[in-house]
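What follows is a single structure, written as structure tokens, with notes after it.
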Amino acid sequence: MFSTRLLMTCAAIGVGSGIVFTVAGFVNGIVAAAAPIVYGLSIGVYFLPGVIAQSLLRRPGVALITSLIAGLVGSAVNPAFIMRYLATGLAIGLLQELPFAVSKYRYWRAWVFYVSAAVMGVVFGGGVFIAVGMEHFVGWANLVYFGLFAVSPVLFTWLGRVIAAGLNKTGVARGIQHDVDRRSHSSGSRRAHPLPMTAA
Amino acid sequence: MPATALTLDQVRIRHADRSAHTPDGVTLHVDSGEVVLLLGPSGCGKSTAALAMNGLVPHAIPADLEGSVTVCGVDAARSTTAQLAEHVAMVFQDPDAQIVTESVLDDVCFALENMLLPVDEVLARAESALRTVGLWHRRDDSPDVLSGGARQRLAIACALAMRTAVLVLDEPTANLDPSGSADVYAVLRRVVADGTRSVVLIEHDVDAALPIVDRVVVLDREGRTAFSGTPRDVIAGHADEIASLGVWLPTATAVAQRLASAGIDLGTVPLTMPELTEAMRNTDLPEPSVDVTERPHGERLISIRDLTVSRGERTLLDRVSLDVHTGDFLAIIGANGAGKTTLIQAMTGIARPPKRHVELAGIDAATRDTRALAQRAGFVFQNPEHQFVANSVADELAYGLHVHGASSGRRLDDAEIAERVERMLARLGLSEHRDVHPFLLSGGQKRRLSVGTALIVGAPILALDEPTFGQDRERADELMAMLSDLRDAGSTIIVVSHDMQLVAEYASRVVVLADGAIAADGPTGSILSDNTLLQRNSLRQPPLARAMSELADPAWHRVTRLADLPEPLR
Amino acid sequence: MTGTDAAQTRPAATRPAARRSLQTLNPLATIAATLPVIVVLVFTRDILTPAVFIGIAYLLLLTGTRMTSRRLILLLVALPVAAAVLTVGFGLWTDSSDLDHSVELLRIGDYRLFLSAFEVGAATALRLVSILSLALLTGLTSSGPDMVRSAVAHLRVPYRVGYAALASYRFVPRFRYELDVIRKAHRARGARGGRGPIAALRRTIGYIVPLLASAIRHAERVSLSMDARAFGAHPTRTERYEVPLRVRDVVFVVVLWVVAAVTIIGIRIL
Ligand SMILES: Nc1ncnc2c1ncn2[C@@H]1O[C@H](COP(=O)(O)OP(=O)(O)OP(=O)(O)O)[C@@H](O)[C@H]1O
Ligand SMILES: Nc1ncnc2c1ncn2[C@@H]1O[C@H](COP(=O)(O)OP(=O)(O)OP(=O)(O)O)[C@@H](O)[C@H]1O
Ligand SMILES: [Mg+2]
Ligand SMILES: [Mg+2]
């Protein structure tokens, strides 16, 4: 169901954001050590590939593939950390698929992106919470720490959607995009351009 | 009667979001073993037709396709591109976009592995294909370290290894220098020698292509088949019509046409340079009057002193010193990788040179003030896509006017901008594409737009990196005439070009670069007549000069430009 | 003739010569071996457990993988420094209200710093470093492409996706080149210049869209070329580079699991 063009488009987005990952990786390390409490702020960068791919293409699976490729490429620059990048890519990519899978990938309005980004931020923060063990923090610190995990994905979701809107104008995704709203009343026939898939 | 390998029957293709069909009714039969050259003006749909031959249009590129495409008896509409790959292999224009893997050998094997061939067979075919194109000894290299020409030969090897009945090549040498493209044609000659493979070739450089083709098909502006037949029938029989479509004629034919209009009848229509020389030897020729008056130098506009540019370990430019004067038409020539692009970008400040080595119309080219730079020099990139910054053709042209205002620096209001944009659109032949995204234009259209964006600002210096590649004759002539006019109006033009004929026709001065240093600098005539100098730098004399040097009368040896030929009669 | 050539033309990465023991493992085996241990480590809170696993990981890394100076710096300098910095960092941040207050290190006004806070910090730091060093077992013994091939061969990842990933490696250097060109193009067109971080930031954002657009454009052309070369014609494709799962992979996984279990249980009992 994925045409080669769709796959390679995901790859290009993934590589572009994967390069951002490697930069973010350095920054993250410094932040984590110096001020662990604002670590959450930088975590949102890992949401970028999926958000760009989903807002641009609006198709099932693109977030997962794009995120994974971003992780893979991030690790090409820094091979020692391949596990870290791949695991992050896989986890976030899967999480990003969920909210749209609920509507059978027919409904792609902005609010879904933002709400799910906030929820995922909290979920992700929870994971890191256990790993890092911030239970020792004083109360207000916990609040800031968790809050930033929720805010950061929303922030980067916004950024990703701005980028995707810019890309949309260049027409590079014509023919592989789906509509924002394809629920039954508008039915599948309203795709931007009917595109017979190359090879299954 | 040989079997038909490929048939296009009344094929009309309309790209998604476009109103016109390009092509609009192409009909083409390619017999097995036949080599067909497809000609047509820029934007008529040659590339689109090529993509339909293996189903990429409409399967991968959204478009409406009417009519039928049949490959080896298979209806292209009913099978996937991957299935059609059993029968058709493709070579595209951009060598970089055809590399998928990390090594030369892997890349050739890629298609064969997809075709599920056993490993032994994969390796055997890959080896023979790489040997054919002369890259077997580089099989373990990364494609990145190959030269442009070698990369394109790699793409051809990838196609050859598939052993398909049909091979389609879309401007395979457009990005290459003369020696790279000569290498590619040497390979193609070997490929078609045994006559087992049908080839469809799209190529603007007719001189290079003609020797290997059996049949020529010419499309008109709408992309309908206009003429089809042997090269001689088509070109000799319809030279005027083809020229008026704006398609390149072979240089020899163009010369004969020009002579005919001057009242000199050669008796035959030559297609190749030897034929032309032969015909001219047998004809009474008048004395040519070659105009060798040189224009006086204007004042110094760009001055480069001891410019050295290095990247990492490599020295790209080595202590270059050069002056450019107002009104110069300077051509920079040299082999692939000689540093031409580096030089033209440094001298116009596009790539910031080291401080205080380049003075550009009164400012240091290393300045950070990009507005000041852009007001002094317009730049046209080697790859037109690189310079587009807006989302539609019209916006692209308006952008410069918004940033810079009129050439006097006055801000322009929207109506004025719109009017200037309209005029430029008309001049570039892009009026009907005004709302299209620049990326979606045909190759030639993109090139024209990129020139337009530089022209519209009206900077006194215009620098162009390979301005005419991929252009049809009409557009190239038009562009060069535009540059000549600008020069007459006082502009200074700098071009980088591999097209020696173009350099001969228009440049007043030529700089030859070799390994980042200036190997020669002088008036066009004296540089282009120095054959040893040119050959030392993997360059060649322009075809016209080469043909004329074979004539007996030494007065004709000085003829290097079409303009030097006898004037047409009124 | 072809057979011998085939052997000669294998790229260095798959040549069996001179590989250290861990590098002959399938990348999936190293993941399978370390992943459960990492999960367990996430939930530990003491200092000893992560310390022991750091020891085990370092032992394997230093004996079983090819060491370069960069890697040695990573293992012997970067990670210890990171552990120290994290210890201090977490130590300072830790809420010490219900910790042991017997050893006080510092008192500034209301703020009191206890040794126990640093113990918590050290535990956290070591936990992170131990997770990282186990992950390095995969990172330092396998390459991304091998991982992809292996996932295609053994995890049922569709090969079309795998190959898209492999092909995307080629985009990395291209991005650098494109960025350079786009920067020049903006300069040529007289786009807004200006100094300072804000101008730089605005410029960077202005580059992202054209950069991605031209990357996608390039990707599209590559995909045309891939389709034209029969990509996806069949449900499978010939694979010249095998990444088999062998007995030694299974042995490695089982041994590591057993060692880990014994260690963890041992520390709990003692
Ligand atoms: N992907 C696309 N989407 C929309 N329109 C397109 C697309 N590709 C080409 N076109 C348009 O179709 C027409 C034919 O383009 P095509 O590239 O086939 O021309 P061409 O004959 O190969 O020209 P050239 O000699 O300049 O390469 C042009 O007007 C072009 O703008
Ligand atoms: N950023 C860079 N880093 C390293 N090498 C470079 C860089 N840019 C260019 N080069 C190399 O410098 C040499 C000169 O490049 P340049 O593009 O100026 O050549 P050119 O004469 O324009 O060639 P062509 O005819 O192919 O356009 C080439 O060999 C090129 O590979
Ligand atoms: Mg074309
Ligand atoms: Mg160049």
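Throughout, a chain's letter reflects where its sequence line sits, starting with A, and its residues are numbered from 1. Note: hydrogens, waters and symmetry copies are ignored here, and every other heavy atom, side chains too, is used.
Contacts of A/Leu167 with chain C are made by both backbone and side-chain atoms, with heavy-atom separations under 4.5 Å. For chain A, the nearby part of C/Phe175 is the side chain; its heavy atoms alone come within less than 4.5 Å. Within the 4.5 angstrom heavy-atom criterion, only side-chain atoms of C/Leu74, from C-beta onward, approach chain A. Interface remark: C/Leu224 contributes no atoms to any contact with chain A (heavy atom separation under 4.5 Å). Interface residue A/Leu56: only side-chain heavy atoms are found under 4.5 Å from chain C. Contact annotation for A/Ile163: both backbone and side-chain heavy atoms come within less than 4.5 Å of a heavy atom of chain C. With a 4.5 angstrom heavy-atom cutoff, A/Ile52 touches chain C only via side-chain atoms. Neither the backbone nor the side chain of C/Val88 comes within less than 4.5 Å of any heavy atom of chain A. Only the side chain of C/Val222 comes within contact range of chain A, with at least one heavy atom under 4.5 Å from a heavy atom of that chain.
Of all heavy-atom pairs spanning A/Thr4 and C/Arg160, the tightest one is N-NH2, 3.1 Å. The two residues C/Ala219 and A/Thr9 have their closest heavy-atom pair at CB-N, 4.3 Å. The shortest non-hydrogen separation linking C/Ala164 to A/Leu7 is CB-CB, 3.9 Å. For the pair C/Leu212 and A/Gly16, the tightest heavy-atom approach, listed with the atom from each and the gap, is CD2-CA, 4.1 Å.
Partners of A/Thr170 according to the side chain to side chain donor-acceptor pair (under 3.5 Å) rule, which considers only residues two or more places apart in sequence or in another chain, do not exist here. Not a single side chain to side chain donor-acceptor pair (under 3.5 Å) links C/Arg71 to another residue, sequence neighbours left out.
When C/Pro27, C/Ser214, C/Ala123, C/Ser168 are compared by the number of non-hydrogen pairs under 4.5 Å with chain A, C/Ser168 comes out ahead. In terms of heavy-atom pairs under 4.5 angstrom with chain A, the leader among C/Ala135, C/Ala125, C/Ala215 is C/Ala135. By number of non-hydrogen pairs under 4.5 angstrom with chain A, the leading residue of C/Arg217, C/His218, C/Met226 is C/Met226.
In this structure, CD1 on C/Ile216 lies 9.5 Å from CZ on A/Arg5, to the nearest 0.5 angstrom. In this structure, CZ in C/Arg221 is found 13.5 Å from CE in A/Met8, a value given to the nearest 0.5 Å.
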Test log, rule side-chain contact (heavy atoms from CB on, under 4.5 Å), inputs A/Val15 and C/Arg174:
CA-CA 10 Å; A/Val15 174; C/Arg174 206 181 156 84; over 6 Å; no

Test side-chain contact (heavy atoms from CB on, under 4.5 Å) applied to C/Leu35 and A/Met83, step by step
CA-CA 10 Å; C/Leu35 203 56; A/Met83 282 287 279; 4.3 Å; yes

